[in-house]
Trainee: 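Structure in structure tokens, see below.
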Amino acid sequence: GGLTLLFQSFLKLRASVAQLVDKDLHAFLVKTLFKGGVQTLVSILFLFFRSTKCVFARGFDECANTTWCSSVISVYLILWWTSTLIQGGVRSDWSKDLTLSVEKIATLKDITFRRGFEAFLRGVTIFCGVWLFSMMEADNADQTTVDLTAITGFAAIGLSSALEIYSSLTAQNKRHNLEVDRESYKALADVMRARADTSLQEGQREMFARCMKFFEGDGADEGWEVLKSPDADVEMWTKRFEPESGERSGIATGKAIGVVNCSAEEAAAWVIDYCSKERMRISAKEGNPARLELMDKKKINEATFATVKALPFFLENREFVFRQLWKSEEGKVHIALESVDDQVDYGMRLRKTRATTRGMYKIESLPDQKGSKRCQVTLAQQMDLQGHFPIWIVNQLLPSVISDVQEAIDEFRRVESCVQMSADTENPKLHDEVEIMVDECSSVFLLISLLLTSIYSIIWVYYAVTLKAMFESIGDLIAPPIITYFILTLAMKPKRTDVRYKCFVDFHFISFVIVAELAAAVGNFRKGLIFHGCFSIFRILPESILFKLCSKVRKAAAKLPPKELSEFLCQAVLVRGTAALGPMMFFSLEIISCFISQKSIDNGQCKNVSNASLWLSIYLATLTCMTLFTKSVPKTVQRAIAWEDSAVATLKLTWWQQVQGLFFVLTAISSIYLFSWIGVEGDANHNVYLIGAFGGVSVAIACFIGAITTLRIFNEHEESELAKLHN
């Protein structure tokens, strides 16, 4: 069944790809299909060769865990690539709703629950994949834990792929509906313009007069009371008119006024096209049992519709059968609607009560604004749910009765967005522009940081109290990623300078660094490790200096132009920060894998793995800090300190670039040596720690040179700008 569903999905994907424009088709074939396929194939081959190496060295029986983990991760990769194929098969002007941009992640805004849940499932899949990869070489891994992790990853990537398929199909149908409806609106609008000033036919005048009483007649403009509108785009009022024969007295009439971004005829066409594709989709989504047009109409300017609205709980659904009648003039359209007594066969038995309604739309063109057509839509309408509904409850529902004005505004915003996306597809420059300018990241990231650092501090406090090696090992294990994440969060709100935020940041630093380091020092002193205790206290000084430097980075980033600030937060903080945290998590899981293999955390057999992982994480954290510092300055300064590809190829570098490059090379050599010790168990090798320290000093010197150079060029840039202002 699963393979059949997958096969059907690929058939739909093939049909969708065939409809792509040339640019999107090229991107799909080259980037998604070929490049993504090659990357997936290379990753699978790497896992295959690693499993094969284990089989040749130790035999099939002892490598069962390795081959199982390798197979599971390979399936993850294939399903992940499949989901990218599905998303790539959607037109680029439609896929904006599918992509979860960095800007949306930074602000955590405009993210639907479905997209957020799908991102969470992707995160679960990544964690399961990394965990299984780290367990490939573990000799004593618990098979039940491995199987549960594999099943969890399968469930996460499977559900994520299913949501991706559903989202892609929904987006395609929605955009297709909008385009079809847009053409329908234009055609009906042309008919209205052609029939402008045409008189109503016999039998239509009476209905038009009954509905027109809301706008014309004695006292029609008087006695309206303001009604609280749920939407900022629409103003609402309410009034009670004298009831017609057979109507209940006390039923209030609501009036709504709003401005729609289209011509008067197009807005009227939207009202008349009551069963358009998009409105039918929305009605079905709301759970309404029926919505249809009666095909017995004989006049071009009128139509009869029937709909059954779903009511909650034990209440019967309400059936509305009404006729719409339009009359157009130059730049103005009136639409009357009134309930009729026609009986409707819905093709199924429905438990319903007939309700009534009467209303009038007055749609008038407004002067164009920046080349865009506009019109004012005024709707006056009353509704009676009949049955045993009290009149006062019916009147409370007035805002929803006259909500069609807001729905028209939203509809033509979607249509306008669809047109703009299509135009952007033809204009790559517009298509590549960032839509959202981010001036600060969501506070959720700070709360997560506060939670993680609090857990980190508590672990070291437990170590100081109990002196258990387990807490010390856990603290050392999670220190690099948590410290790096803490540094990243310090730069996430550069424009916040209020006292409340400063107090929060200071408390965050004290509860994290001061408490954790002092607790570690107390624990080491109690165990007789005087050097380690003194070293824990000594670390407070450089960490305090780093905290002050992060404050400087915040102040510098706050002065950046909006576009550069957005790029700093999204690319430097989030993207590159995540790129550093990923390997750190992998190193931590490798240490856990070693602990599981040894069935101990303090026998010394994992010292090489932990030392190598610690130093590699320190390198990543240092480079991340350097990236934040260099990206917090204006673009002109960044270009001045950037390494040009041509200069690197010809070795025509400045003296400071040569020195900095030398230390980066030394760091890279140290990293390669340290990485070769990842997964190697055995007695401690002091060379690992010494070479790690050597690489740490190298990367620190390289970053120090880059920081000094950046400050020098930044000061020169500031002096140049001041001189220009003075002149």
Side-chain angles (χ1 to χ4, degrees), residues 102-111 436-461 479 481-520 537 539-574 576-578 581 621 624-634 637 707 710-711 714-715 717-718 721-722:
V102 182
E103 291 76 22
K104 290 182 179 179
I105 296 175
T107 57
L108 295 182
K109 295 179 180 178
D110 301 325
I111 299 178
I436 306 174
M437 290 297 177
V438 180
D439 58 359
E440 66 175 29
C441 296
S442 173
S443 299
V444 174
F445 295 107
L446 272 70
L447 296 177
I448 294 174
S449 176
L450 183 61
L451 175 63
L452 293 177
T453 53
S454 299
I455 294 174
Y456 177 79
S457 299
I458 291 172
I459 289 173
W460 282 109
V461 170
I482 288 183
I483 292 174
T484 304
Y485 186 73
F486 170 72
I487 294 171
L488 293 173
T489 54
L490 292 178
M492 286 186 175
K493 291 183 178 292
K495 290 193 173 183
R496 286 288 299 272
T497 58
D498 53 282
V499 176
R500 182 179 178 183
Y501 182 73
K502 289 182 178 179
C503 291
F504 170 79
V505 172
D506 292 339
F507 170 77
H508 195 180
F509 173 75
I510 293 173
S511 63
F512 173 41
V513 175
I514 307 297
V515 173
E517 296 295 3
L518 290 179
I537 295 176
R539 284 199 301 258
I540 296 177
L541 178 61
E543 288 170 350
S544 300
I545 295 174
L546 183 61
F547 176 71
K548 291 296 182 183
L549 288 177
C550 289
S551 300
K552 297 289 185 182
V553 169
R554 288 183 61 250
K555 292 180 181 179
K559 298 178 181 179
L560 293 175
K563 187 174 181 180
E564 294 183 18
L565 176 59
S566 179
E567 183 178 347
F568 168 78
L569 293 173
C570 296
Q571 300 300 323
V573 176
L574 286 183
R576 300 196 181 187
T578 304
L581 289 173
T624 302
C625 294
M626 181 62 193
T627 300
L628 294 179
F629 186 78
T630 55
K631 295 299 182 181
S632 64
V633 296
V637 180
T710 303
L711 282 175
F714 177 72
N715 290 332
H717 171 74
E718 290 289 298
E721 292 295 322
L722 289 175

Trainee: With distance as the sole test, does Thr578 use its side chain to make a donor-acceptor pair with the main-chain N or O of Leu574 at under 3.5 Å?
Mentor: yes
Trainee: Do side-chain atoms of Ser632 reach the backbone of Ala556 as a donor and acceptor pair under 3.5 angstrom?
Mentor: no
Trainee: Could you check whether any side-chain heavy atom of Lys493 comes within less than 4.5 Å of a side-chain heavy atom of Val505, counting everything from C-beta outward?
Mentor: no
Trainee: For Tyr501, look at atom OH and say whether over 12 heavy atoms of other residues, nucleotides or ligands are found less than 6.0 Å away.
Mentor: yes
Trainee: A side-chain contact here means heavy atoms from C-beta on lying under 4.5 Å apart; do Leu546 and Phe486 qualify?
Mentor: no
Trainee: Are Val637 and Pro634 side-chain neighbours, meaning at least one heavy-atom pair lies under 4.5 Å?
Mentor: yes
Trainee: Search all heavy atoms of Ser511 against all heavy atoms of Ser457 and return the closest pair with its distance.
Mentor: O-OG, 2.6 Å
Trainee: Does any non-hydrogen side-chain atom of Leu560 lie less than 4.5 Å from one of Phe568?
Mentor: yes
Trainee: Taking the side chain as everything from C-beta on, heavy atoms only, tell me whether Lys631 gets closer than 4.5 Å to Gln571.
Mentor: no
Trainee: Which pair of heavy atoms, one from Thr630 and one from Thr710, lies closest together, and at what distance?
Mentor: CG2-OG1, 3.8 Å
Trainee: Do any N or O atoms from the side chain of Arg576 and from the backbone of Leu628 form a donor-acceptor pair under 3.5 angstrom?
Mentor: no
Trainee: Which word best sums up how the rings of His508 and Phe512 line up, parallel for under 30°, tilted for 30 to 60°, or perpendicular for over 60°?
Mentor: tilted
Trainee: Taking all heavy atoms of Ala491 and all of Leu569, pick out the closest pair and write down the distance.
Mentor: O-CD2, 3.4 Å
Trainee: Are any non-hydrogen side-chain atoms of Leu490 and Phe509 less than 4.5 angstrom apart?
Mentor: no
Trainee: Looking only at heavy atoms, which two atoms of Ala558 and Pro494 are closest? And how far apart?
Mentor: CB-O, 3.4 Å
Trainee: Could you tell me whether a side-chain N or O of Tyr485 sits under 3.5 Å from a main-chain N or O of Phe445, the two making a donor and an acceptor?
Mentor: yes
Trainee: Is any side-chain heavy atom of Asp498 less than 4.5 Å from a side-chain heavy atom of Phe504?
Mentor: no
Trainee: If you look at every heavy atom in Val461 and Val515, which pair is closest and at what distance?
Mentor: CG2-CG1, 4.1 Å
Trainee: Testing the basics here: between Gly577 and Leu488, what is the closest heavy-atom pair and its distance to 0.1 Å?
Mentor: CA-CD1, 3.6 Å
Trainee: Do Thr489 and Ile448 have side-chain heavy atoms sitting under 4.5 Å apart?
Mentor: no
